[in-house]
Amino acid sequence: MAENGSGGGIETQWWWWWAMASMAQLGWGVSAYKRGYAGDSRLMPLKAFAVASLFLGSAASASIASLQASGIHKVQDFVDLGANIRTGIGAPPRVAKEKTDDR
C-alpha cells in the first residue's frame, strides 16, 4: 500500500486484482472451449456467447490491469503519454482544430 497524496488516504494496488480476474476468465474460457458442447443443440448459441464473453472479459480485465500497473489512471495521462512519444520520435505536436459552425 502506498499513500496517494490526495487527502492522506491509502491507495491499494488494485491492478493485481484485475490481473487475477483476467487470468481466471481466460482459464475458464479455455476450459469451456476445450470441453466443447454436449447437450441440446438449441443451447449452442448461448454457450458460444458465454465463451466469447469470457474471452472478451479477460481482455478487458488485462487491459485495466496493464493501465493500472503502468500508472495511467486518467485520460490526461494518455494525452501526456502521446505527447511524450511524439516528442521522442521528433514529430511536431498536434494542434487542436477549431470547430466551425456550418448552419
Side-chain angles (χ1 to χ4, degrees):
M1 291 188 192
E3 291 200 24
N4 63 8
S6 58
I10 300 295
E11 179 181 312
T12 307
Q13 301 296 327
W14 288 104
W15 65 272
W16 283 104
W17 291 102
W18 285 102
M20 286 190 297
S22 175
M23 289 186 294
Q25 286 178 327
L26 183 61
W28 192 9
V30 168
S31 171
Y33 180 75
K34 281 185 164 186
R35 250 192 331 259
Y37 184 75
D40 190 4
S41 64
R42 292 175 292 177
L43 296 177
M44 179 59 186
L46 179 64
K47 169 113 186 218
F49 178 76
V51 171
S53 295
L54 286 170
F55 285 121
L56 184 63
S58 173
S61 297
S63 299
I64 295 296
S66 64
L67 291 174
Q68 292 285 322
S70 66
I72 296 176
H73 302 290
K74 298 179 273 186
V75 174
Q76 187 60 41
D77 295 336
F78 269 121
V79 172
D80 295 340
L81 176 65
N84 289 339
I85 291 171
R86 290 182 70 79
T87 302
I89 63 173
R94 288 193 160 191
V95 179
K97 295 180 181 178
E98 291 184 25
K99 292 184 178 181
T100 59
D101 194 16
D102 295 336
R103 290 186 193 187

Does [X] have any side-chain contact (heavy atoms from CB on, under 4.5 Å) partners at least two apart in sequence or in another chain, and if so, which?
X	answer
Ser58	Ser22, Gln25, Leu26
Met23	Met20
Asp77	Ile72, His73, Lys74

Min side-chain heavy-atom separation Leu54-Tyr33 under 4.5 Å =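 No; the side chains remain at least 4.5 Å from each other.
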Determine whether Val51 and Leu56 fall in the same hydrophobic cluster, where Ile, Leu, Val, Met, Phe, Trp and Tyr are linked whenever their side-chain heavy atoms lie under 4.5 Å apart.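 Not linked; separate clusters.
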Discussion item. Please tell me whether Phe78 and Ile85 are part of a single hydrophobic cluster in this structure, the criterion being side-chain heavy atoms less than 4.5 Å apart.
Written reply: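 Phe78 clusters together with Ile85.
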Mark yes or no for whether Ser31, through its side chain, and Gly27, through its backbone, hold a donor-acceptor pair below 3.5 Å.
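Pair absent, no side-chain N/O of Ser31 close to backbone of Gly27.
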